[in-house]
Amino acid sequence: DARTSAVGLEFRPWSSLMLRATHSTAFKPILSYSAVQNPLERTASITDPRMGGTRYVVDTIATGGVPPELAPERSWTTTVGATYRPSSSMNVTLTLWDTKFRDRISFLALQSIIDNEALYPGRVVRDAASGLIDSVDGRQVNISLIRTSGVDLGMDWSWYFGAGSLHPSIAATYVHKYEEQLTPESALQDWRAIYNRAGGWAPKWKVVPRLTWEHQNWLRLMVAGRYVSSYQDAVAYSSGPMAGRYGTLGNFWLMDTNVDFSLNKIFARSPFTDVRLALGATNLLNKLPDYCVACGVSGYDSSQYDIMGRTIYAELRVGL
């Protein structure tokens, strides 16, 4: 028997200002598709901390079926915010949020389960005689508690003039808290601005400014930025001039641009109702990932960085 609930309140002291608050609960079991699959077994190379860091290959259960004692997710979310619209061309939003996850279903890195063997009884099976690992159950686990809170900010406005219209906007998220407890017996850890490959984490700031210029219906130019504030690598360097110190990641901008224009004047006598050409680039400044010790064999944090670098594209759209 599972229940979810939601309640919301809105109050408008003036026509230009709306105050709002919500509270909701949610419930989510493991996906049925995953639960009915047969367990998929694989081999993996692991490092055994109980054997002095010896590296060897073990059997693992990667996916499929329902892991022992896996509980459904539960969550509670509260928001308080305001929307201010002083004119039809300007909009400002502010939202404070607080979310609590209980028993979040998540995959952990296989090595993290081995490194924290005592927290996950039954997941690591060892040979009684040699003490070596025979197999590891690497399927989903319940993360006992995740508590995160922060604020979302947004602003957009429009200016209209003879050369067209200009539409600047900015969206930003500030994370005030990101705490995680892997199991009820483990300590509560703060993962705000610290990379965590074993579970969740968040940078303090993410900011997305955008500027769009439009001229009638035949030309649109957009430039957007994506900023991620600095955060700490979770594993220290083991050698070199940085040995024993933690690297700093983040604190970078990615810039994207796009121009979209109509070719109808060129193809005025064509049978098509609309012919448009779009040209653009993502990661225009070709910002490449910083090295991340805790990120394993990939060597970079794929949740924040893009390994592809600058990408240029073109798109032709034809309407019949």
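Interatomic distance, OG1 of T54 versus CG of L132, reported as 8.0 Å (0.5 Å rounding). Atom-to-atom distance recorded for F11:CZ and R20:CZ is 15.0 Å, nearest 0.5 angstrom. With rounding to the nearest 0.5 angstrom, the CD1 atom of I61 is 11.5 Å from the CG atom of N38. Note: K28 NZ to F101 CZ = 8.0 Å, rounded to the nearest 0.5 Å. Between the CG atom of L316 and the CZ atom of R276 there is a distance of 11.5 Å, given to the nearest 0.5 Å. Expressed to the nearest 0.5 Å, how far CD1 of I170 lies from CG of L211 amounts to 11.5 Å.
With a 4.5 Å cut-off on side-chain heavy atoms, D306 and L288 do not count as touching. Put simply, the side chain of D256 reaches to within 4.5 Å of the side chain of R226, judged on heavy atoms. Contact annotation: the side chain of N196 approaches that of E180 to within less than 4.5 Å [non-hydrogen atoms, C-beta and beyond]. In this structure the side chain of T47 reaches within 4.5 angstrom of the side chain of Q111, judged on heavy atoms. Here the side chains of T60 and L110 are in contact, with some heavy-atom distance below 4.5 Å. Put simply, the side chain of N283 does not reach to within 4.5 Å of the side chain of M255, judged on heavy atoms. In this structure, the side chains of N142 and I105 come closer than 4.5 Å at one or more pairs of heavy atoms. Between Q189 and Q181, every side-chain heavy-atom pair lies at or beyond the 4.5 Å cut-off.
Under a 3.5 Å cut-off, the side chain of R85 and the backbone N or O of S16 do not form any donor-acceptor pair. The main-chain N or O of W76 is never found under 3.5 Å from a side-chain atom of R102 such that the two would form a donor-acceptor pair. Of the possible donor and acceptor atoms, one in the side chain of T257 sits under 3.5 Å from a partner among the backbone N and O of M222.
Using modelled atom types, one finds a donor on one side chain and an acceptor on the other under 3.5 Å when comparing Y305 with D290. For the residue pair T25/S5, the side-chain donor-acceptor check at 3.5 Å is satisfied. Under 3.5 Å, the side chains of H167 and S165 contain a donor-acceptor pair of N or O atoms. No donor-acceptor contact under 3.5 angstrom links the side chains of T78 and D98, judged on distance only. A side-chain donor from one of D48 and Y56 sits under 3.5 Å from a side-chain acceptor of the other. For the residue pair Y120 and D137, no side-chain donor N or O sits within less than 3.5 Å of a side-chain acceptor on the partner. Between the side chains of Y291 and D233, no donor N or O sits under 3.5 Å from an acceptor N or O. For the 3.5 Å distance criterion, the side chains of R192 and T148 fail to qualify, holding no donor opposite an acceptor. Checking W157 against N91 by side-chain atom types alone, no donor-acceptor pair falls below 3.5 Å. Donor-acceptor pairing under 3.5 Å is recorded for the side chains of N258 and Y313. In this model, a donor atom of one side chain and an acceptor atom of the other lie less than 3.5 Å apart for S45 and R55. Donor-acceptor pairing under 3.5 Å is recorded for the side chains of T79 and T22.
Between F107 and A62, the shortest heavy-atom contact is CE2-O, 3.6 Å. What you find for P72 and D103 is that their closest heavy atoms are O-CB, 3.6 Å. Closest of all the heavy-atom pairs between P168 and W159 is CG-CZ3, 4.3 Å. The two residues S229 and P203 have their closest heavy-atom pair at OG-CB, 3.9 Å. Between W213 and G164, the shortest heavy-atom contact is NE1-CA, 4.1 Å. Taking every heavy atom of both residues into account, L284 and R310 meet most closely at O-NE, 2.8 Å.
Aromatic ring centroids of W191 and Y178 lie 6.0 Å or more apart.
A salt bridge links D260 with R317: the distance from a Lys NZ or Arg NE/NH1/NH2 to an Asp or Glu carboxylate oxygen falls below 4.0 Å. Remark: R50 engages E117 in a salt bridge, criterion side-chain N to carboxylate O under 4.0 Å.
No path of Ile, Leu, Val, Met, Phe, Trp and Tyr side chains, each step under 4.5 Å between heavy atoms, connects L108 with V235, placing them in separate hydrophobic clusters. Hydrophobic cluster membership is shared by L94 and M90, with clusters built from Ile, Leu, Val, Met, Phe, Trp and Tyr side chains linked at under 4.5 angstrom. When the side chains of ILVMFWY residues are joined at heavy-atom separations under 4.5 Å, either directly or via intervening members, V175 and F252 end up in a single hydrophobic cluster. Follow the hydrophobic side-chain contacts under 4.5 Å out from V92 and you reach L153 in the same cluster. The hydrophobic cluster containing Y246 does not contain M242, counting ILVMFWY residues as joined when their side-chain heavy atoms lie under 4.5 angstrom apart, directly or transitively.
Within 6.0 Å of NZ on K177 lie more than 12 heavy atoms contributed by other residues, nucleotides or ligands. Residue-environment remark: NZ (K287) exceeds the threshold of 12 foreign heavy atoms within 6.0 Å. The neighbour count for D127 CG, taken as heavy atoms of other residues, nucleotides or ligands under 6.0 Å away, is above 12. Within 6.0 Å of atom CZ in R210, 12 or fewer heavy atoms from other residues, nucleotides or ligands are found, so the atom counts as exposed in its surroundings.
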Start with the C-alpha distance between I114 and V136, add both sets of side-chain angles, then the distance that settles side chain to side chain contact (heavy atoms under 4.5 Å, CB included), and finish with yes or no. CA-CA 8 Å; I114 297 169; V136 181; 4.1 Å; yes
Tell me, with the steps shown, if I146 and E179 meet side chain to side chain contact (heavy atoms under 4.5 Å, CB included). CA-CA 6 Å; I146 294 178; E179 297 177 335; over 6 Å; no
Using the rule given for side chain to side chain donor-acceptor pair (under 3.5 Å), can you reason through D152 versus Y174, listing the C-alpha separation, both sets of side-chain angles and the distance that settles it, and then say yes or no? CA-CA 7 Å; D152 292 336; Y174 174 73; over 6 Å; no
Please lay out, stage by stage, how L19 and Y84 fare under the test side chain to side chain contact (heavy atoms under 4.5 Å, CB included). CA-CA 9 Å; L19 307 177; Y84 178 56; over 6 Å; no
Tell me, with the steps shown, if L249 and Y300 meet side chain to side chain contact (heavy atoms under 4.5 Å, CB included). CA-CA 9 Å; L249 307 172; Y300 78 101; over 6 Å; no
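Note: W218 and H215 have perpendicular aromatic rings, judged against thresholds of 30 and 60 degrees for the angle between ring planes.
Residues satisfying the side-chain hydrogen bond (donor to acceptor under 3.5 Å, both in side chains) test with S135, not counting sequence neighbours, are none. Remark: P241 engages no residue in a side chain to side chain contact (heavy atoms under 4.5 Å, CB included) (not counting sequence neighbours).
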